[in-house]
Protein chains: 2
Amino acid sequence: MASVFPLADLKASAKPDSWIDMIIKGDCVAALEALPNHSVDVIFADPPYNLQLGGMLHRPDQSVVDAVDNEWDQFASFEAYDAFTRAWLLACRRVLKPTGTIWVIGSYHNIFRVGATLQDLNFWILNDIVWRKTNPMPNFKGRRFQNAHETMIWASPNAKAKGYTFNYDAMKAANDDVQMRSDWLFPICSGNERLKDGDGKKVHPTQKPEALLARVIMASSRPGDIILDPFFGSGTTGAVAKRLGRHFVGIEREQDYIDAASARIEAVQPLGKAELTIMTGKKQEIRVAFNVLVESGLIKPGQVLTDSRRRYSAIVRADGTVASGGESGSIHRLGARVQGLDACNGWTFWHFDDGQSLRPIDELRSVIRSDLAKAE
Amino acid sequence: MASVFPLADLKASAKPDSWIDMIIKGDCVAALEALPNHSVDVIFADPPYNLQLGGMLHRPDQSVVDAVDNEWDQFASFEAYDAFTRAWLLACRRVLKPTGTIWVIGSYHNIFRVGATLQDLNFWILNDIVWRKTNPMPNFKGRRFQNAHETMIWASPNAKAKGYTFNYDAMKAANDDVQMRSDWLFPICSGNERLKDGDGKKVHPTQKPEALLARVIMASSRPGDIILDPFFGSGTTGAVAKRLGRHFVGIEREQDYIDAASARIEAVQPLGKAELTIMTGKKQEIRVAFNVLVESGLIKPGQVLTDSRRRYSAIVRADGTVASGGESGSIHRLGARVQGLDACNGWTFWHFDDGQSLRPIDELRSVIRSDLAKAE
DNA sequence: GTCGACACTGAATCTGGGT
DNA sequence: GACCCAGATTCAGTGTCGA
């Protein structure tokens with residue numbers, strides 16, 4: 001239980017990082033306002049859905065559906081819900097790093113209001129993600145389609161924000177080497193994963209599955225990043241963040257939820273560094289300029305490069321530029337120029353003849369890179 | 001081309017139904033205001049998405065993506081888009097029958113604003129439906145998840161609206177006898193279905209697949225209903241409506257789209273009556289009250305009914321009520337009362353003794369129904 | 001006629017680091 | 001903030017052409 005932290009203590013603390021890996025007890029907006037500017041990498045928010053339920057719902061066998069009827073899900077009007085949404089999103093915006101991103105999950109009851117508010121506040125939507133449930137609750141009355149999904153919005157703090165973390169290559173590799181789509185399939189949280197109290201009753205009515213949070217965190221953060229959840233509830237975000245080697249910050253008002261989340265997170269074993277290594281693509285590799293190949297002798301001045309079908313050719317010059325029919329420039333510029341295009345990746349466009357076949361000069365760059373790696 | 005209809009002609013027409021199965025040329029809101037109150041059963045709306053694109057986007061092979069940059073998709077601000085959305089939704093509300101429903105399709109660029117506006121105008125969301133694309137365009141820069149779906153909102157005109165059409169059993173039967181979910185899988189519109197002009201260029205940048213409209217119309221309307229599309233475009237709604245034996249009304253500003261849609265709809269052959277019969281379950285079956293059984297002599301006053309295990313018993317009264325130990329009421333009420341439950345389906349709870357075994361009284365209702373069916 | 005290679009396309013808010 | 005420029009980046013199709 002060491003990770004619980006009353007908001008008053010946080011405000012009194014002189015230590016700047018005392019809020020990391022803690023659950024702050026208190027109101028969401030007040031607690032956010034106690035955190036430093038631009039200090040967290042990712043926010044995952046599962047706000048109240050503002051369900052507007054009529055009476056009780058019975059299954060065909062007359063058993064009663066255990067609906068979400070908690071006090072924290074009651075709002076007087078759409079206006080009240082919008083004001084609440086605006087307040088916590090504004091507080092989140094200040095706490096989020098410029099390179100950070102925010103996730104918000106909801107259903108049709110609230111997600112349209114959340115999305116519109118995000119846009120009004122100048123957040124920039126990157127994707128809307130659909131969580132398709134393998135095992136959703138049926139529609140008992142037969143008057144609608146089975147409500148089989150929830151929606152997450154992923155956004156950066158403004159339209160110009162560059163440099164947010166998206167582990168594209170890891171996602172693609174995890175998805176059988178095709179791009180990860182915006183529709184994800186996961187079971188709802190049940191079985192051993194579902195937190196129960198002493199009477200076997202579920203601790204929290206809307207506990208999210210860890211698999212969902214794992215994909216969110218793996219996609220949009222790096223090990224060591226700080227993940228904030230302003231509606232911490234049963235602490236799924238904290239548990240998964242800890243397991244995945246990230247730091248967490250939770251905000252929660254209700255002591256029962258804090259107790260359950262705290263114990264749950266305590267029991268989590270973080271994965272090791274090897275398991276947490278994120279697969280990256282070329283963008284992350286050491287930059288090797290073309291003239292390094294010339295300087296190292298892998299390419300010789302005067303050597304002729306061609307494209308893969310020998311339609312175009314160019315001569316290598318000693319300064320690391322290439323020339324063709326009066327034109328000259330970088331491998332990229334000249335590649336674009338001879339093809340009449342705006343841009344070109346010279347590394348894959350230009351080839352050299354190794355005596356047997358044409359090979360892209362990118363292969364020579366790989367040789368340099370592996371030499372550099374050995375030298376480390 | 002007979003189905004095109006300038007808005008001025010519509011206003012001048014004395015014939016009240018002259019707008020049915022027509023494409024009205026003109027502004028969406030102005031045209032809607034020329035239609036009678038509460039006159040259409042279903043509205044399907046595919047409004048501009050308000051895409052905010054930067055410069056050109058190139059594929060990895062340097063080819064240029066043909067983006068949606070049409071004038072009709074340009075708005076000055078979110079406020080302008082919201083005002084536009086409010087105006088056409090209000091106009092739709094007046095034209096829609098109290099038992100009607102509206103569908104709106106969009107992407108994350110606009111759907112949150114549309115959904116919030118629907119709620120602000122007191123529409124009642126029944127479902128949000130995800131159209132999962134089998135073949136979406138990839139994310140070429142690897143900076144986001146592949147945007148692989150669009151969202152539809154299905155709503156009734158107000159929270160208390162009852163009696164809207166939802167062909168639950170037909171949807172369930174069409175879905176291998178499990179409830180139709182809120183996530184639907186369809187390819188994007190391509191191949192022969194995609195309308196092309198003389199030069200082989202697509203007529204409309206965002207033509208929707210007919211399969212999507214077919215499910216919408218089959219789920220939420222009946223043969224003979226009127227389906228309105230205020231952003232008619234290439235006329236998919238009209239073509240599918242006609243094929244499925246529904247009437248359509250289209251509103252469209254651009255003559256090129258009207259010409260293409262008009263010719264397209266002209267070529268559609270409607271399905272026959274037999275193919276259009278909507279599969280119905282018990283909900284749609286002829287209602288048979290318990291007293292009809294008594295009146296018909298299948299159940300006799302004074303007869304004893306029991307539950308399947310003979311734990312409870314009740315005596316049938318001539319008025320079609322049943323009584324047990326001082327309590328009396330409908331078969332449903334009394335069934336609930338004796339079990340101490342809030343509700344009970346008396347048709348399956350109460351049984352009669354046919355001399356050999358106990359059989360639910362629901363079987364007698366089936367006898368009545370088949371007699372009624374023969375009589376038609 | 002068949003098969004393979006290649007070109008083309010779809011509602012897209014689509015780079016990042018350095019000067 | 002504007003500009004420059006290296007260089008990284010695509011899935012499920014349909015249609016065409018030539019062998």
Counting side-chain heavy atoms from CB outward, which of C:dA12, D:dT9, D:dT10 is closest to B:Val65? C:dA12
For B:Asp46 and B:Phe231 the tightest heavy-atom approach is O-CB, 3.5 Å
Do you see a donor-acceptor pair shorter than 3.5 Å between the side chains of B:Ser63 and B:Arg59? yes
As a test of reading the structure: which of C:dA11, D:dC11, D:dA6 is closest to the side chain of A:Ser330, going by heavy atoms? D:dA6
Aromatic ring pairing A:Phe145/B:Trp103, orientation class (parallel under 30°, perpendicular over 60°, tilted between): perpendicular
Atom-pair distance (NZ on A:Lys162; P on D:dG1), nearest Å: 13 Å
Testing C:dA12, D:dC11, D:dT10 for proximity to the side chain of B:His109, the answer is C:dA12
So which nucleotide from D:dT14, C:dA12, D:dG7 ends up closest to the side chain of A:Asn345? D:dG7
I'd like the P distance from C:dG18 over to D:dA8, given in whole Å. 15 Å
Can you say whether the rings of B:Phe186 and B:Trp184 are parallel (under 30°), tilted (30 to 60°) or perpendicular (over 60°)? perpendicular
Nucleotide opposite C:dA7 in a Watson-Crick or G-U pair, distances under 3.5 Å: D:dT14
Does B:Lys202 place a side-chain N or O at less than 4.0 Å from the phosphate oxygens OP1/OP2 of C:dG10? yes
Report the relative orientation of the aromatic rings in B:Phe232 and B:Phe248; use parallel for angles under 30°, tilted for 30 to 60°, perpendicular for over 60°. parallel
Assess, by modelled atom type and distance only, whether the side chains of A:Ser328 and A:Arg317 contain a donor and an acceptor separated by less than 3.5 Å. yes
Side chain of B:Tyr49 only, please: which of C:dA11, D:dC11, D:dA8 is the nearest? C:dA11
Using the C1' atom as the reference point in each nucleotide, state the distance between C:dG16 and D:dG1 in Å, no decimals. 15 Å
Out of D:dT14, C:dC14, C:dA11, whichever nucleotide has its closest atom nearest the side chain of B:Asp73: C:dA11
Looking only at the side chain of A:Trp347 (C-beta and beyond, no hydrogens), which of the listed nucleotides C:dC14, D:dA8, C:dG10 gets closest? D:dA8
Proximity to the side chain of B:Asn192 - top-ranked nucleotide from C:dA11, D:dA8, D:dG15: D:dG15
Integer angstrom distance from the P of D:dT9 to that of C:dC8: 23 Å
Contact under 4.0 Å: A:Arg287 side-chain N or O vs D:dG7 OP1/OP2: yes
Just call it for B:Asp46: base, sugar-phosphate, or nothing, with non-hydrogen atoms closer than 4.0 Å on any strand. base
Assign B:Pro209 to base, sugar-phosphate, or nothing according to its heavy-atom contacts below 4.0 angstrom with the strands shown. nothing
Are any of A:Tyr164's side-chain N or O atoms less than 4.0 Å away from OP1 or OP2 of C:dG16? no
What does B:Thr206 touch in the nucleic acid at a heavy-atom separation under 4.0 angstrom: a base, only the sugar-phosphate, or nothing? base
Of the options D:dA8, D:dC5, C:dG10, whose atoms approach the side-chain atoms of A:Arg365 most closely? D:dA8
Tell me what B:Pro136 touches on the nucleic acid: a base, only sugar-phosphate, or nothing, going by heavy atoms under 4.0 Å. base
Measure the distance from CG on B:Asn135 to P on D:dC11 and round it to the nearest whole Å. 13 Å
Could you check which nucleotide pairs with C:dA12 in any of the strands shown, counting Watson-Crick or G-U wobble with both distances under 3.5 Å? none
Check: C:dG10 base within 3.5 Å donor-acceptor of B:Arg59 side chain: yes
Distance below 4.0 Å between A:Lys172 side-chain N/O and D:dT9 OP1 or OP2: no
Quick one: which of C:dG16, C:dA12, D:dA8 gets closest to the side chain of B:Arg143? C:dG16
May I ask which nucleotide in the shown strands pairs with D:dG7, Watson-Crick or G-U wobble, both distances under 3.5 Å? none
D:dG7 OP1/OP2 closer than 4.0 Å to side-chain N/O of A:His332: yes
To the nearest 0.5 angstrom, please state how far the NE2 atom of A:His351 sits from the OG atom of A:Ser357. 9.0 Å
For C:dA12 and B:Asn147 - does any side-chain N or O of the residue sit under 4.0 Å from the phosphate oxygens OP1/OP2? no
